[in-house]
Protein chains: 2
Amino acid sequence: MAEPLGFRPLYRQVKAIFVRRLVDGVWAPGEGLPSEGQLAAEIGVSQGTVRKALDELAAENLVVRRQGRGTFVAEHDERRILFQFFKLVPDNGERRFPDSTVLSAETGLADAAEQAALDLTAKDRVIRVRRLRSFETVPLIVETLSLPQRLFPGLEAGPIPNNLYSLYAARYGITIAHARERLKAVALNADDAGLLGVAAGSPALQIDRLALALDGMPVERRLSLCLTEEAHYLSDLR
Amino acid sequence: MAEPLGFRPLYRQVKAIFVRRLVDGVWAPGEGLPSEGQLAAEIGVSQGTVRKALDELAAENLVVRRQGRGTFVAEHDERRILFQFFKLVPDNGERRFPDSTVLSAETGLADAAEQAALDLTAKDRVIRVRRLRSFETVPLIVETLSLPQRLFPGLEAGPIPNNLYSLYAARYGITIAHARERLKAVALNADDAGLLGVAAGSPALQIDRLALALDGMPVERRLSLCLTEEAHYLSDLR
DNA sequence: GAGTGGTCTAGACCACCCA
DNA sequence: GGGTGGTCTAGACCACTCC
């Protein structure tokens with residue numbers, strides 16, 4: 001007669017405690033967590049329960065476990081971004097990371113698409129960064145990022161590094177946990193085509209990405225136009 | 001002084017036994033496995049070890065666990081394919097499954113691309129199926145499948161259902177475990193554009209899929225051209 | 001050798017499904 | 001009510017890392 005869906009396993013409650021600590025920055029990226037035994041004693045559950053909670057966090061790439069060393073908060077280093085968040089790879093040759101040239105960085109009122117994606121109102125402001133990304137001087141991607149200004153005050157003023165997710169974490173305490181991408185094939189307009197050095201109307205892969213923080217809050221929208229003559233978007237279906 | 005990398009946990013050996021049974025068809029799709037306790041007794045390990053092996057198989061979508069009922073061999077029913085293998089979803093409205101019209105089905109010598117993808121030689125033959133797929137009579141995808149003839153004898157002769165993966169399993173005992181897709185934006189040639197009812201040169205999303213069997217053997221190559229005016233390819237990055 | 005995560009076991013109990 | 005998977009515990013031992 002009790003609630004049929006009111007059951008929540010102990011290890012998930014423990015996991016929620018840990019996620020909270022990650023969101024609050026109690027455990028910062030790169031830092032080592034206490035050992036399983038210490039955590040178990042502190043919370044008052046068995047080591048096996050702590051282990052199951054940490055295993056799930058590791059499966060979600062929020063922590064990294066290293067046998068013999070310990071459990072560490074995941075960082076957005078180049079390698080991780082390259083494999084988890086950057087799916088465009090050259091047809092021939094190794095997975096690489098493109099350079100970025102910032103074309104503009106400014107603020108403005110959120111448009112309809114930005115409001116919908118980022119849970120904003122017409123009164124909210126966004127920071128927009130437009131940049132060109134290249135593989136060894138060959139332009140490949142032109143993209144526009146939209147960020148809620150409230151979350152990233154002053155970002156548009158400072159230098160904008162290639163690896164933004166690392167900046168979000170270090171300077172604003174926001175960790176990107178995962179992202180949802182929507183892909184379409186489109187014809188380039190004259191502006192974008194010019195930037196990429198191809199004819200207007202050329203086909204390009206449009207990637208509309210929404211990146212979410214640890215707690216599921218939408219944090220960044222990114223609209224990328226990619227040339228796919230010599231590269232492809234890799235998707236593994238398991 | 002022993003081999004430093006020669007360690008293989010017991011539960012992985014148990015898992016290998018189970019995968020073998022899936023590959024050999026000892027456990028067929030839809031069938032229920034013996035209970036954890038029975039498997040543990042049969043193999044001579046603890047129930048916890050069997051559980052960990054089954055958990056990994058469940059994470060790979062090879063089996064489905066249902067509390068209170070049992071563990072079952074995964075099937076390629078419509079729902080599973082729709083969520084695991086079919087990433088093209090309408091911009092508005094529900095995830096749907098397109099109808100298929102077979103344009104041609106014939107055999108021939110494997111070309112260079114097919115040889116490379118499917119591990120074949122120039123002497124090997126492939127079955128090629130070309131079909132048009134539509135959402136409610138609106139053509140959306142034109143695709144060409146290539147299959148090693150050796151693995152699917154007679155497939156080109158019989159009726160070709162919409163859900164091919166289910167046919168592979170039922171008639172040929174081959175289970176598709178996962179797939180790798182490479183996406184590009186291309187301009188449609190006159191033939192494909194005509195089939196899709198758009199102008200030649202229109203942009204389309206090209207999906208080059210390689211599907212692998214349980215044991216990792218490449219089994220099907222599929223080259224799809226998709227219109228993305230009112231649909232998109234959905235990719236979740238976690 | 002000390003400390004960490006990883007494996008394996010055994011047993012108890014819980015939530016769920018079905019007859 | 002009996003069977004299934006799911007959770008939780010406690011303890012032993014193993015593999016790996018670092019000092």
Side-chain angles (χ1 to χ4, degrees), chain A residues 1-19 21-22 27-75, chain B residues 1-19 21-22 27-75:
Chain A
M1 253 314 167
E3 314 84 317
L5 292 174
F7 176 67
R8 186 133 157 275
L10 187 52
Y11 73 87
R12 283 207 194 272
Q13 302 175 39
V14 174
K15 180 183 167 189
I17 294 174
F18 294 165
V19 169
R21 292 185 186 180
L22 294 172
W27 292 338
E31 222 172 278
L33 272 56
S35 74
E36 296 180 350
Q38 287 169 357
L39 290 169
E42 177 207 333
I43 302 180
V45 299
S46 81
Q47 182 175 339
T49 300
V50 167
R51 160 171 291 275
K52 195 152 188 188
L54 290 177
D55 279 346
E56 285 207 354
L57 293 178
E60 294 168 21
N61 294 311
L62 301 185
V63 303
V64 176
R65 320 199 71 181
R66 278 184 278 224
Q67 185 172 165
R69 299 196 51 203
T71 304
F72 302 83
V73 182
E75 283 184 283
Chain B
M1 250 318 169
E3 315 85 315
L5 292 173
F7 176 66
R8 185 133 159 276
L10 187 52
Y11 72 87
R12 284 208 193 270
Q13 302 175 39
V14 173
K15 180 183 167 191
I17 295 176
F18 294 165
V19 169
R21 291 183 186 181
L22 292 172
W27 292 338
E31 222 172 280
L33 272 58
S35 75
E36 296 180 351
Q38 287 169 355
L39 290 169
E42 177 208 333
I43 301 179
V45 299
S46 82
Q47 181 176 339
T49 300
V50 167
R51 161 172 291 275
K52 195 151 187 188
L54 290 176
D55 280 346
E56 286 208 352
L57 293 177
E60 294 168 21
N61 293 311
L62 301 185
V63 302
V64 177
R65 321 200 71 181
R66 279 185 279 226
Q67 184 173 163
R69 298 194 51 203
T71 303
F72 302 82
V73 182
E75 283 185 281

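Lettering follows sequence order; numbering is per chain, from 1.
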Q.
Under 6.0 Å from the ring centre and within 45 degrees of the ring axis: does the NZ or CZ of A:Arg66 meet both conditions for the six-membered ring of A:Phe72?
A.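 Here A:Arg66 passes the 6.0 Å and 45° test against A:Phe72.
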Exercise: identify the closest heavy-atom pair between [X] and [Y]:
X	Y	value
B:Leu39	B:Pro34	CD1-O, 3.6 Å
A:Ala74	A:Asn61	CB-O, 3.2 Å
A:Pro29	A:Glu75	C-CG, 3.7 Å

Q) Do the charged groups of A:Lys52 and A:Glu36 touch, with an N to O distance under 4.0 Å? A)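 No, this pair does not count.
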Q.
Looking at A:Glu42 and A:Arg21, is any side-chain nitrogen of the basic one under 4.0 Å from a carboxylate oxygen of the acidic one?
A.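 A salt bridge is present here (some side-chain N lies under 4.0 Å from a carboxylate O).
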For the side chain of [X] and the backbone of [Y], is there at least one donor-acceptor N/O pair under 3.5 Å apart?
X	Y	result
B:Gln13	B:Arg8	yes
A:Glu60	A:Leu57	no
B:Glu56	B:Ala53	no

Atom pair distance, as rounded to whole Å: [atom1] in [X] and [atom2] in [N]:
X	N	atom1	atom2	result
A:Arg66	C:dG6	CZ	P	12 Å
A:Arg51	C:dG6	CZ	P	5 Å
A:Lys15	D:dT7	NZ	P	12 Å
B:Asp55	C:dG6	CG	P	16 Å
B:Glu36	D:dT7	CD	P	11 Å

Q) Bend angle of the helix from C:dG1-D:dC18 to C:dC18-D:dG1 from five-pair axes at both ends, rounded to 10°? A)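 Answer for the end axes of this duplex: 10°.
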Pull out every protein N or O sitting under 3.5 Å from an N or O of nucleotides 1-3 of chain D, one pair per line with the distance.
from, atom 1, to, atom 2, distance (Å)
D:dG3, N2, B:Gly68, O, 2.8

Between the protein and nucleotides 8-12 of chain D, list the N/O to N/O atom pairs that are separated by less than 3.5 angstrom.
from, atom 1, to, atom 2, distance (Å)
D:dC8, OP1, A:Leu10, N, 2.2
D:dC8, OP2, A:Leu10, N, 3.2
D:dC8, OP2, A:Tyr11, N, 3.0
D:dT9, OP2, A:Ser46, N, 3.0
D:dT9, OP2, A:Ser46, OG, 2.9
D:dT9, OP2, A:Thr49, OG1, 2.2

(Q) Is the shortest side-chain heavy-atom distance between B:Val63 and B:Trp27 below 4.5 Å? (A)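 They are not in contact (no side-chain heavy atoms under 4.5 Å apart), so the answer is no.
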